[in-house]
Amino acid sequence: MKSKRNHATPSRHFASDNYAGICPEAWAALAEANHDHSPGYGDDTWTQQAADLIRDLFETKCEVFFVFNGTAANSLSLASTCQSYHSILCHRLAHVENDECGAPEFFSNGTKVLLLDGADGKLTPDEIERAVRRRIDIHFPKPRTVSVTQATECGTVYAPDELAAIGRTTRRLGLKLHMDGARFANAIAYLNVKPKEVTWKAGVDVLCFGATKNGASVGEAVVFFNREMAREFDYRCKQAGQLASKMRFLSAPWVGMLHGGAWLRHAAHANRMAALLHKKLRVLPEVKILFPPQANAVFAELPQAVIAGLRERGWKFYTFIGEGGCRFMCSWDTTAADVEAFAADIGALLEGTMKLPSTKSRRVSSRQSN
Ligand SMILES: *Cc1c(COP(=O)(O)O)cnc(C)c1O
(Lines give C-alpha, C1' and ligand atoms only; values in the text may rest on other atoms or scores of the structure.)
Protein backbone atom coordinates (compact mmCIF):
# COMPACT_ATOMS: atom_id res chain seq x y z
CA MET A 1 0.00 0.00 0.00
CA LYS A 2 1.28 3.44 -0.89
CA SER A 3 1.85 5.68 2.07
CA LYS A 4 1.44 9.44 2.07
CA ARG A 5 4.16 9.65 4.65
CA ASN A 6 7.78 10.11 3.77
CA HIS A 7 9.08 9.09 7.19
CA ALA A 8 9.14 5.87 9.12
CA THR A 9 6.33 4.79 11.42
CA PRO A 10 7.40 5.59 14.97
CA SER A 11 8.58 2.61 16.97
CA ARG A 12 7.96 4.21 20.34
CA HIS A 13 4.83 6.07 21.41
CA PHE A 14 3.48 8.52 23.95
CA ALA A 15 0.26 6.65 24.78
CA SER A 16 1.20 4.98 28.05
CA ASP A 17 4.25 3.92 29.96
CA ASN A 18 2.87 0.40 29.66
CA TYR A 19 3.57 0.52 25.92
CA ALA A 20 7.26 0.21 26.83
CA GLY A 21 8.89 -3.18 27.20
CA ILE A 22 10.77 -4.72 30.08
CA CYS A 23 13.86 -2.85 31.27
CA PRO A 24 17.23 -4.68 31.15
CA GLU A 25 17.49 -4.95 34.94
CA ALA A 26 14.08 -6.64 35.26
CA TRP A 27 14.82 -8.87 32.26
CA ALA A 28 18.16 -10.01 33.70
CA ALA A 29 16.54 -10.83 37.04
CA LEU A 30 13.83 -12.86 35.29
CA ALA A 31 16.48 -14.82 33.41
CA GLU A 32 18.37 -15.46 36.61
CA ALA A 33 15.18 -16.58 38.39
CA ASN A 34 14.66 -19.07 35.59
CA HIS A 35 17.38 -21.45 36.81
CA ASP A 36 16.64 -24.58 38.79
CA HIS A 37 13.50 -25.16 40.83
CA SER A 38 12.04 -22.84 43.43
CA PRO A 39 9.08 -23.16 45.83
CA GLY A 40 5.77 -21.74 44.60
CA TYR A 41 3.27 -19.20 46.00
CA GLY A 42 5.87 -16.82 47.39
CA ASP A 43 7.91 -19.23 49.52
CA ASP A 44 10.98 -18.55 47.38
CA THR A 45 14.13 -16.52 47.95
CA TRP A 46 13.34 -13.97 45.19
CA THR A 47 10.07 -12.99 46.86
CA GLN A 48 11.78 -12.83 50.26
CA GLN A 49 14.54 -10.66 48.85
CA ALA A 50 12.14 -8.34 47.00
CA ALA A 51 10.04 -7.81 50.14
CA ASP A 52 13.20 -7.12 52.17
CA LEU A 53 14.43 -4.61 49.59
CA ILE A 54 11.07 -2.82 49.77
CA ARG A 55 11.31 -2.77 53.58
CA ASP A 56 14.84 -1.32 53.28
CA LEU A 57 13.64 1.29 50.81
CA PHE A 58 10.87 2.48 53.12
CA GLU A 59 13.04 2.09 56.24
CA THR A 60 10.28 0.37 58.17
CA LYS A 61 8.84 -3.06 58.91
CA CYS A 62 5.99 -3.12 56.41
CA GLU A 63 4.04 -6.10 55.08
CA VAL A 64 4.53 -6.67 51.35
CA PHE A 65 2.40 -8.64 48.85
CA PHE A 66 2.93 -9.05 45.11
CA VAL A 67 -0.09 -9.06 42.79
CA PHE A 68 -0.51 -9.06 39.03
CA ASN A 69 -1.72 -5.53 38.37
CA GLY A 70 -2.73 -2.16 39.73
CA THR A 71 -6.46 -2.74 39.64
CA ALA A 72 -6.05 -5.76 41.92
CA ALA A 73 -3.58 -3.93 44.17
CA ASN A 74 -5.91 -0.95 44.58
CA SER A 75 -9.19 -2.76 44.93
CA LEU A 76 -7.96 -5.50 47.29
CA SER A 77 -6.04 -3.09 49.50
CA LEU A 78 -8.99 -0.67 49.61
CA ALA A 79 -11.29 -3.56 50.48
CA SER A 80 -9.03 -4.42 53.41
CA THR A 81 -9.58 -0.91 54.86
CA CYS A 82 -13.39 -0.97 54.66
CA GLN A 83 -16.64 -2.67 55.48
CA SER A 84 -19.34 -2.76 52.81
CA TYR A 85 -21.33 0.05 54.51
CA HIS A 86 -18.33 2.39 54.37
CA SER A 87 -17.27 4.79 51.62
CA ILE A 88 -13.97 5.54 49.91
CA LEU A 89 -13.16 9.15 49.08
CA CYS A 90 -11.06 9.83 46.00
CA HIS A 91 -10.50 12.46 43.33
CA ARG A 92 -13.04 12.62 40.53
CA LEU A 93 -10.30 11.67 38.03
CA ALA A 94 -8.89 8.79 40.10
CA HIS A 95 -8.02 5.51 38.39
CA VAL A 96 -9.89 3.77 41.22
CA GLU A 97 -13.09 5.45 39.99
CA ASN A 98 -12.60 5.67 36.25
CA ASP A 99 -10.39 2.81 35.13
CA GLU A 100 -11.05 -0.20 37.33
CA CYS A 101 -14.45 -1.29 36.12
CA GLY A 102 -15.93 -1.10 39.61
CA ALA A 103 -13.36 -3.49 41.10
CA PRO A 104 -12.94 -1.51 44.36
CA GLU A 105 -16.71 -1.69 44.94
CA PHE A 106 -16.83 -5.33 43.85
CA PHE A 107 -13.98 -6.58 46.04
CA SER A 108 -15.25 -4.63 49.04
CA ASN A 109 -18.76 -6.03 48.58
CA GLY A 110 -20.30 -2.70 47.71
CA THR A 111 -18.33 0.00 49.49
CA LYS A 112 -19.32 3.24 47.76
CA VAL A 113 -16.70 5.39 46.07
CA LEU A 114 -17.39 9.11 46.63
CA LEU A 115 -15.86 11.66 44.28
CA LEU A 116 -14.10 14.83 45.35
CA ASP A 117 -12.86 17.80 43.34
CA GLY A 118 -9.45 19.40 43.44
CA ALA A 119 -7.09 21.30 41.14
CA ASP A 120 -4.44 19.35 39.20
CA GLY A 121 -5.85 15.96 40.18
CA LYS A 122 -5.13 16.51 43.89
CA LEU A 123 -7.27 16.23 47.01
CA THR A 124 -6.98 18.81 49.76
CA PRO A 125 -7.63 18.53 53.51
CA ASP A 126 -10.51 21.04 53.22
CA GLU A 127 -12.21 19.07 50.47
CA ILE A 128 -11.84 15.83 52.45
CA GLU A 129 -13.23 17.41 55.58
CA ARG A 130 -16.16 18.93 53.67
CA ALA A 131 -17.02 15.52 52.18
CA VAL A 132 -16.89 13.85 55.58
CA ARG A 133 -18.94 16.52 57.38
CA ARG A 134 -21.56 16.83 54.65
CA ARG A 135 -23.55 13.89 56.03
CA ILE A 136 -22.92 12.21 59.34
CA ASP A 137 -26.23 10.41 59.72
CA ILE A 138 -26.84 6.67 59.59
CA HIS A 139 -28.42 6.82 56.14
CA PHE A 140 -25.19 7.79 54.40
CA PRO A 141 -22.29 5.37 53.67
CA LYS A 142 -19.79 6.15 56.40
CA PRO A 143 -16.54 7.64 55.04
CA ARG A 144 -13.67 5.35 55.99
CA THR A 145 -10.80 5.62 53.54
CA VAL A 146 -9.21 8.37 51.50
CA SER A 147 -7.38 7.32 48.34
CA VAL A 148 -4.75 9.62 46.81
CA THR A 149 -2.78 8.96 43.63
CA GLN A 150 0.97 9.73 43.64
CA ALA A 151 1.92 10.81 40.96
CA THR A 152 -1.63 11.91 40.06
CA GLU A 153 -3.65 11.04 36.98
CA CYS A 154 -2.85 14.58 35.77
CA GLY A 155 0.92 14.08 35.89
CA THR A 156 1.29 16.25 38.98
CA VAL A 157 2.91 15.28 42.27
CA TYR A 158 1.80 15.84 45.87
CA ALA A 159 4.52 17.62 47.85
CA PRO A 160 5.47 16.10 51.23
CA ASP A 161 3.73 18.91 53.14
CA GLU A 162 0.53 18.47 51.09
CA LEU A 163 0.47 14.77 51.96
CA ALA A 164 1.32 15.39 55.61
CA ALA A 165 -1.61 17.80 55.82
CA ILE A 166 -3.91 15.19 54.26
CA GLY A 167 -2.54 12.57 56.68
CA ARG A 168 -3.20 14.80 59.68
CA THR A 169 -6.76 15.35 58.48
CA THR A 170 -7.49 11.68 57.84
CA ARG A 171 -6.14 10.73 61.28
CA ARG A 172 -8.14 13.44 63.02
CA LEU A 173 -11.29 12.29 61.22
CA GLY A 174 -10.61 8.62 61.93
CA LEU A 175 -10.04 7.76 58.26
CA LYS A 176 -7.53 5.42 56.64
CA LEU A 177 -5.17 6.68 53.93
CA HIS A 178 -4.54 4.65 50.77
CA MET A 179 -2.07 5.63 48.06
CA ASP A 180 -2.29 4.52 44.44
CA GLY A 181 1.38 4.58 43.49
CA ALA A 182 1.22 3.20 39.96
CA ARG A 183 3.77 5.98 39.23
CA PHE A 184 5.20 6.30 42.73
CA ALA A 185 8.74 6.08 41.33
CA ASN A 186 8.11 9.08 39.08
CA ALA A 187 6.85 11.04 42.09
CA ILE A 188 9.95 10.19 44.14
CA ALA A 189 12.23 11.06 41.22
CA TYR A 190 10.51 14.44 40.94
CA LEU A 191 10.49 15.21 44.67
CA ASN A 192 13.95 13.85 45.43
CA VAL A 193 12.91 12.82 48.94
CA LYS A 194 13.13 9.52 50.78
CA PRO A 195 10.10 7.31 50.08
CA LYS A 196 9.17 7.33 53.78
CA GLU A 197 8.64 11.11 53.67
CA VAL A 198 5.61 10.78 51.41
CA THR A 199 4.25 7.50 52.76
CA TRP A 200 4.12 6.25 56.33
CA LYS A 201 5.61 9.42 57.81
CA ALA A 202 2.77 11.33 56.15
CA GLY A 203 0.18 8.90 57.50
CA VAL A 204 -0.23 6.54 54.53
CA ASP A 205 -1.58 3.19 55.75
CA VAL A 206 -1.17 1.27 52.52
CA LEU A 207 0.65 1.95 49.25
CA CYS A 208 0.13 0.24 45.90
CA PHE A 209 3.66 0.48 44.56
CA GLY A 210 3.78 0.18 40.79
CA ALA A 211 6.51 -1.62 38.89
CA THR A 212 4.90 -2.38 35.52
CA LYS A 213 4.90 1.17 34.16
CA ASN A 214 8.40 1.72 35.48
CA GLY A 215 9.88 -1.16 33.47
CA ALA A 216 8.87 -4.45 35.06
CA SER A 217 7.19 -7.19 33.06
CA VAL A 218 4.11 -7.44 35.23
CA GLY A 219 3.22 -6.93 38.87
CA GLU A 220 2.68 -4.40 41.61
CA ALA A 221 3.48 -4.54 45.30
CA VAL A 222 0.93 -3.86 48.01
CA VAL A 223 2.84 -2.34 50.92
CA PHE A 224 1.05 -2.17 54.28
CA PHE A 225 2.65 0.31 56.67
CA ASN A 226 -0.34 -0.32 58.91
CA ARG A 227 0.50 -3.96 59.53
CA GLU A 228 -2.72 -4.77 61.34
CA MET A 229 -4.54 -3.99 58.10
CA ALA A 230 -2.54 -6.72 56.33
CA ARG A 231 -4.13 -9.44 58.44
CA GLU A 232 -5.47 -12.21 56.18
CA PHE A 233 -4.62 -10.19 53.07
CA ASP A 234 -3.01 -13.34 51.68
CA TYR A 235 -6.43 -15.01 51.74
CA ARG A 236 -7.98 -12.00 50.02
CA CYS A 237 -5.36 -12.24 47.25
CA LYS A 238 -5.86 -15.98 46.83
CA GLN A 239 -9.65 -15.67 46.64
CA ALA A 240 -9.36 -12.93 44.03
CA GLY A 241 -7.05 -15.01 41.85
CA GLN A 242 -4.08 -12.83 42.69
CA LEU A 243 -1.82 -15.37 44.39
CA ALA A 244 0.79 -16.14 41.74
CA SER A 245 1.83 -19.74 41.65
CA LYS A 246 5.28 -19.01 40.20
CA MET A 247 5.52 -15.85 42.27
CA ARG A 248 9.25 -15.49 41.71
CA PHE A 249 8.49 -14.14 38.25
CA LEU A 250 6.49 -11.30 39.82
CA SER A 251 9.07 -10.59 42.49
CA ALA A 252 12.39 -11.10 40.67
CA PRO A 253 11.96 -7.92 38.55
CA TRP A 254 11.65 -5.96 41.80
CA VAL A 255 14.99 -7.32 42.95
CA GLY A 256 16.55 -6.39 39.61
CA MET A 257 15.12 -2.88 39.68
CA LEU A 258 15.55 -2.03 43.37
CA HIS A 259 19.02 -3.46 43.75
CA GLY A 260 21.25 -0.78 42.28
CA GLY A 261 18.55 1.86 41.95
CA ALA A 262 17.29 1.25 38.40
CA TRP A 263 13.72 1.91 39.55
CA LEU A 264 14.59 5.53 40.33
CA ARG A 265 16.92 6.06 37.37
CA HIS A 266 14.26 4.89 34.93
CA ALA A 267 11.61 7.09 36.53
CA ALA A 268 13.91 10.12 36.52
CA HIS A 269 14.67 9.50 32.85
CA ALA A 270 10.96 9.29 31.96
CA ASN A 271 10.37 12.54 33.88
CA ARG A 272 13.23 14.23 32.01
CA MET A 273 11.76 13.19 28.67
CA ALA A 274 8.39 14.68 29.67
CA ALA A 275 10.16 17.89 30.74
CA LEU A 276 11.90 18.00 27.36
CA LEU A 277 8.61 17.54 25.53
CA HIS A 278 7.06 20.26 27.66
CA LYS A 279 9.93 22.60 26.81
CA LYS A 280 9.30 22.03 23.10
CA LEU A 281 5.52 22.41 23.31
CA ARG A 282 5.12 25.34 25.66
CA VAL A 283 6.60 27.79 23.14
CA LEU A 284 3.93 26.91 20.56
CA PRO A 285 1.08 29.43 20.88
CA GLU A 286 -1.54 26.99 19.56
CA VAL A 287 -0.72 24.45 22.27
CA LYS A 288 -2.26 24.81 25.69
CA ILE A 289 -0.52 22.93 28.50
CA LEU A 290 -3.20 21.70 30.92
CA PHE A 291 -1.26 20.78 34.06
CA PRO A 292 2.22 21.47 35.40
CA PRO A 293 4.16 18.43 34.08
CA GLN A 294 5.96 17.19 37.18
CA ALA A 295 6.11 13.44 36.55
CA ASN A 296 6.35 11.66 33.19
CA ALA A 297 3.30 13.05 31.39
CA VAL A 298 2.46 16.19 29.45
CA PHE A 299 -1.23 17.04 29.01
CA ALA A 300 -1.95 19.47 26.19
CA GLU A 301 -4.78 20.77 24.07
CA LEU A 302 -4.01 20.76 20.36
CA PRO A 303 -6.07 21.70 17.32
CA GLN A 304 -8.10 18.71 16.08
CA ALA A 305 -6.37 18.81 12.72
CA VAL A 306 -3.01 18.37 14.44
CA ILE A 307 -4.31 15.45 16.50
CA ALA A 308 -5.58 13.81 13.32
CA GLY A 309 -2.30 14.54 11.54
CA LEU A 310 -0.23 13.00 14.33
CA ARG A 311 -2.37 9.87 14.23
CA GLU A 312 -1.97 9.71 10.47
CA ARG A 313 1.78 9.80 10.93
CA GLY A 314 1.47 6.77 13.18
CA TRP A 315 1.84 8.34 16.62
CA LYS A 316 -0.21 6.78 19.39
CA PHE A 317 -1.43 8.76 22.42
CA TYR A 318 -4.61 9.06 24.51
CA THR A 319 -7.26 11.75 24.45
CA PHE A 320 -9.66 10.27 27.00
CA ILE A 321 -7.72 10.55 30.23
CA GLY A 322 -8.39 13.19 32.84
CA GLU A 323 -10.33 16.24 31.79
CA GLY A 324 -9.71 15.96 28.07
CA GLY A 325 -6.85 17.13 25.95
CA CYS A 326 -4.06 14.85 24.81
CA ARG A 327 -1.93 12.90 27.23
CA PHE A 328 1.67 12.38 26.19
CA MET A 329 3.32 9.83 28.46
CA CYS A 330 7.03 9.12 28.53
CA SER A 331 8.62 5.90 29.73
CA TRP A 332 11.97 4.45 30.78
CA ASP A 333 12.99 3.86 27.16
CA THR A 334 11.71 7.09 25.57
CA THR A 335 14.67 8.78 23.89
CA ALA A 336 15.38 12.47 23.34
CA ALA A 337 15.26 11.67 19.61
CA ASP A 338 11.71 10.31 20.03
CA VAL A 339 10.68 13.52 21.74
CA GLU A 340 12.38 15.67 19.08
CA ALA A 341 10.69 13.75 16.26
CA PHE A 342 7.29 13.96 17.93
CA ALA A 343 7.61 17.67 18.71
CA ALA A 344 8.85 18.33 15.17
CA ASP A 345 5.75 16.62 13.77
CA ILE A 346 3.52 18.72 16.03
CA GLY A 347 5.33 21.86 14.87
CA ALA A 348 5.03 20.93 11.21
CA LEU A 349 1.34 20.07 11.52
CA LEU A 350 0.65 23.34 13.34
CA GLU A 351 2.32 25.26 10.58
CA GLY A 352 0.18 23.37 8.08
CA THR A 353 -3.07 24.22 9.85
CA MET A 354 -2.09 27.86 10.33
CA LYS A 355 -1.80 28.27 6.58
CA LEU A 356 -5.52 27.49 6.36
CA PRO A 357 -7.77 30.55 6.73
CA SER A 358 -10.12 29.17 9.39
CA THR A 359 -7.61 27.88 11.90
CA LYS A 360 -9.31 29.47 14.90
CA SER A 361 -12.74 28.04 14.21
CA ARG A 362 -11.18 24.65 13.49
CA ARG A 363 -9.69 24.53 16.91
CA VAL A 364 -11.99 22.25 18.81
CA SER A 365 -11.38 21.15 22.34
CA SER A 366 -10.49 17.48 22.31
CA ARG A 367 -12.69 17.10 25.38
CA GLN A 368 -15.32 15.35 23.30
CA SER A 369 -12.98 12.97 21.55
CA ASN A 370 -12.70 9.43 22.78
C1 LIG B 1 -1.91 2.15 35.26
C2 LIG B 1 -2.51 2.63 36.54
C3 LIG B 1 -2.93 1.72 37.51
C4 LIG B 1 -2.86 0.22 37.31
O5 LIG B 1 -3.65 -0.25 36.29
P6 LIG B 1 -3.66 -1.78 35.81
O7 LIG B 1 -3.96 -1.68 34.38
O8 LIG B 1 -4.74 -2.46 36.57
O9 LIG B 1 -2.33 -2.37 36.14
C10 LIG B 1 -3.42 2.21 38.71
N11 LIG B 1 -3.49 3.53 38.93
C12 LIG B 1 -3.10 4.44 38.04
C13 LIG B 1 -3.17 5.90 38.36
C14 LIG B 1 -2.61 4.02 36.79
O15 LIG B 1 -2.22 4.92 35.90
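Excluded from the calculations below are hydrogen atoms, water molecules and symmetry mates; all remaining heavy atoms, backbone and side chain alike, are included. Both counts, for ligands and for their atoms, begin at 1 and track the order of listing.
With a 4.0 Å cut-off on non-hydrogen atoms, T149 touches ligand 1 through its side chain and not its backbone.
Protein heavy atom in closest approach to atom 11 (N) of ligand 1: D180 OD2, 2.6 Å. Of all protein heavy atoms, the one closest to atom 2 (C) of ligand 1 is K213 NZ, 2.3 Å. Atom 5 (O) of ligand 1 has H95 CE1, 3.3 Å as its closest protein atom, hydrogens excluded (heavy atom only). Atom 9 (O) of ligand 1 has G70 N, 2.9 Å as its closest protein atom, hydrogens excluded (heavy atom only).
Side-chain contact check for H178 and S77: at least one donor-acceptor pair (N or O, by modelled atom type) lies under 3.5 Å. Under the 3.5 Å distance criterion, with hydrogens and angles disregarded, a donor-acceptor pair is assigned to the side chains of T149 and E153. Side-chain contact annotation: N74 with E100, donor-acceptor N/O pair under 3.5 Å present.
Selection from T71, D17, T152 by nearest heavy atom to atom 7 (O) of ligand 1 gives T71.
Ring geometry for W315 versus F14: interplanar angle of 30 to 60°, hence tilted.
With hydrogens and angles disregarded, a donor-acceptor distance shorter than 3.5 Å links the side chain of H269 to the backbone of T334.
Each of the following atoms of ligand 1 lies closer than 4.0 Å to a heavy atom of R183: 15 (O).
Ring pair F65/F209: centre-to-centre distance not below 6.0 Å.
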